[in-house]
Amino acid sequence: FPTMMLLKFEVGEFTKLPKNPLIRPEKGRWDSKDAADPYLMVTGDSITVFYDGDDRGKYHIGYAVMDKNGWGWKKRGKIFSGSGEQWDSFHQIAPIVFMKGQEMHLYYNGNSTDSELGYQWGLAVRQGKGWRTNPQPLMLLDSLEWDFAGNAYGDILYLPQEKLYRMWYTGFQGPVA
């Protein structure tokens with residue numbers, strides 16, 4: 001939430017709710033082994049959690065919506081399995097979702113191998129009931145840059161005074177020897 005909406009903030013005691021985990025892997029589904037990297041999108045009429053899930057060693061992105069009682073989540077399924085190009089053919093992880101005008105934009109990290117390095121940012125835009133993915137990564141890996149071995153796990157903020165979007169993310173410089 002924008003800082004101007006936070007009227008009072010105080011950290012108190014945490015209580016684990018009995019229905020945890022909220023999103024559970026389900027046998028035989030696209031997220032049968034893991035459900036991770038949640039991103040909440042709150043609108044006037046719903047709360048949606050986008051997340052990545054693992055089945056057969058490959059991660060993909062899907063979503064669930066909060067039920068009418070506000071207590072549980074109804075899974076809606078996998079959104080897509082990458083752009084169809086090599087750069088994100090193995091994993092799609094760590095979604096960031098927001099509305100830009102009337103379009104829903106989903107930024108994610110894609111990789112062509114099962115490696116911690118080599119992730120790149122991708123974009124999928126919701127069109128009707130489907131998603132259009134950008135065939136190329138948004139930022140190419142460059143051996144001369146600080147994040148030459150990959151980039152992932154970020155967030156995007158809109159700065160209304162400047163009318164700009166800013167992305168913060170983790171960059172990788174290779175394995176530690």
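These figures come from a predicted structure and were not determined experimentally.
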Do the side chains of [Y] and [X] get nearer than 4.5 Å, heavy atoms only?
X: L123; Y: H105; value: yes
X: I23; Y: V49; value: yes
X: P137; Y: W87; value: yes
X: L106; Y: I79; value: yes
X: P25; Y: K33; value: no
X: W131; Y: M104; value: yes
X: Q120; Y: L140; value: yes
X: I47; Y: L40; value: yes

Check your understanding: Donor-acceptor pair, S115 side chain versus L117 backbone, under 3.5 Å?
Key ->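 Yes; judged by distance alone, with no hydrogens or angles, the pair exists.
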**Study point:** Pair W30 + Y51: ring centers closer than 6.0 Å
**Key:**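 Yes, the ring centres sit under 6.0 Å apart.
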Practice item. Work out which heavy atom in A149 is nearest to a heavy atom in G174; give both atom names and the distance. Key: CB-N, 3.3 Å
Revision key, fill the gap. Sequence neighbours excluded, the answer for side chain to side chain contact (heavy atoms under 4.5 Å, CB included) partners of T15 is none
Check your understanding: Do any pairs count as a ring-ring contact (aromatic ring centres under 6.0 Å, His included) and have a residue in residues 140-161, sequence neighbours left out, and if so which ones?
Key -> W146-Y169, Y158-Y165
Provide the full list of salt bridge (charged side-chain N to carboxylate O under 4.0 Å, His left out) pairs with a residue in [range], sequence neighbours left out, each pair given once.
range: residues 132-145; value: none
range: residues 51-68; value: none
range: residues 69-78; value: E26-K75, D31-K75

Results of ring pair (Phe, Tyr, Trp, His ring centres under 6.0 Å) for [X] - residues two or more places apart only:
X: Y39; value: none
X: F50; value: Y63
X: W73; value: none

Would you give the length of the straight line joining atom [atom1] of [X] to atom [atom2] of [Y], rounded to the nearest 0.5 angstrom?
X: L144; Y: L141; atom1: CG; atom2: CG; value: 12.0 Å
X: Q92; Y: S83; atom1: CD; atom2: OG; value: 8.0 Å
X: M66; Y: S46; atom1: CE; atom2: OG; value: 10.0 Å
X: S32; Y: K27; atom1: OG; atom2: NZ; value: 9.5 Å
X: R166; Y: L159; atom1: CZ; atom2: CG; value: 6.5 Å

Exercise for review: Give me the other members of the hydrophobic cluster that F90 sits in, counting Ile, Leu, Val, Met, Phe, Trp and Tyr linked by side-chain heavy atoms under 4.5 Å, directly or via other members.
Suggested key: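 Answer for F90: none, a lone residue.
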Exercise for review: Run through the side-chain heavy atoms of Ile, Leu, Val, Met, Phe, Trp and Tyr, join any pair under 4.5 Å, and report what else lands in L164's cluster.
Suggested key: none
Exercise for review: May I ask whether M41 and L157 are part of the same hydrophobic cluster, defined by side-chain heavy atoms of I, L, V, M, F, W, Y residues being less than 4.5 angstrom apart, directly or through others?
Suggested key: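 In one cluster: no.
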Point to revise | F98 reachable from V65 in the ILVMFWY side-chain graph, under 4.5 Å edges | key: yes
Exercise for review: Please identify each residue that fulfils side chain to side chain donor-acceptor pair (under 3.5 Å) with N111, with sequence neighbours left out.
Suggested key: none
Exercise for review: Could you pull out all residues at least two apart from D114 that satisfy side chain to side chain donor-acceptor pair (under 3.5 Å)?
Suggested key: H91
**Study point:** Partner of Y107 under side-chain contact (heavy atoms from CB on, under 4.5 Å), chosen from D155, I156, V97, N134
**Key:**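 Among the candidates, only I156 passes.
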Check your understanding: Does one side chain, of D88 or Y108, offer a donor that lies under 3.5 Å from an acceptor on the other?
Key ->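 Side-chain D/A pair, D88 to Y108: present.
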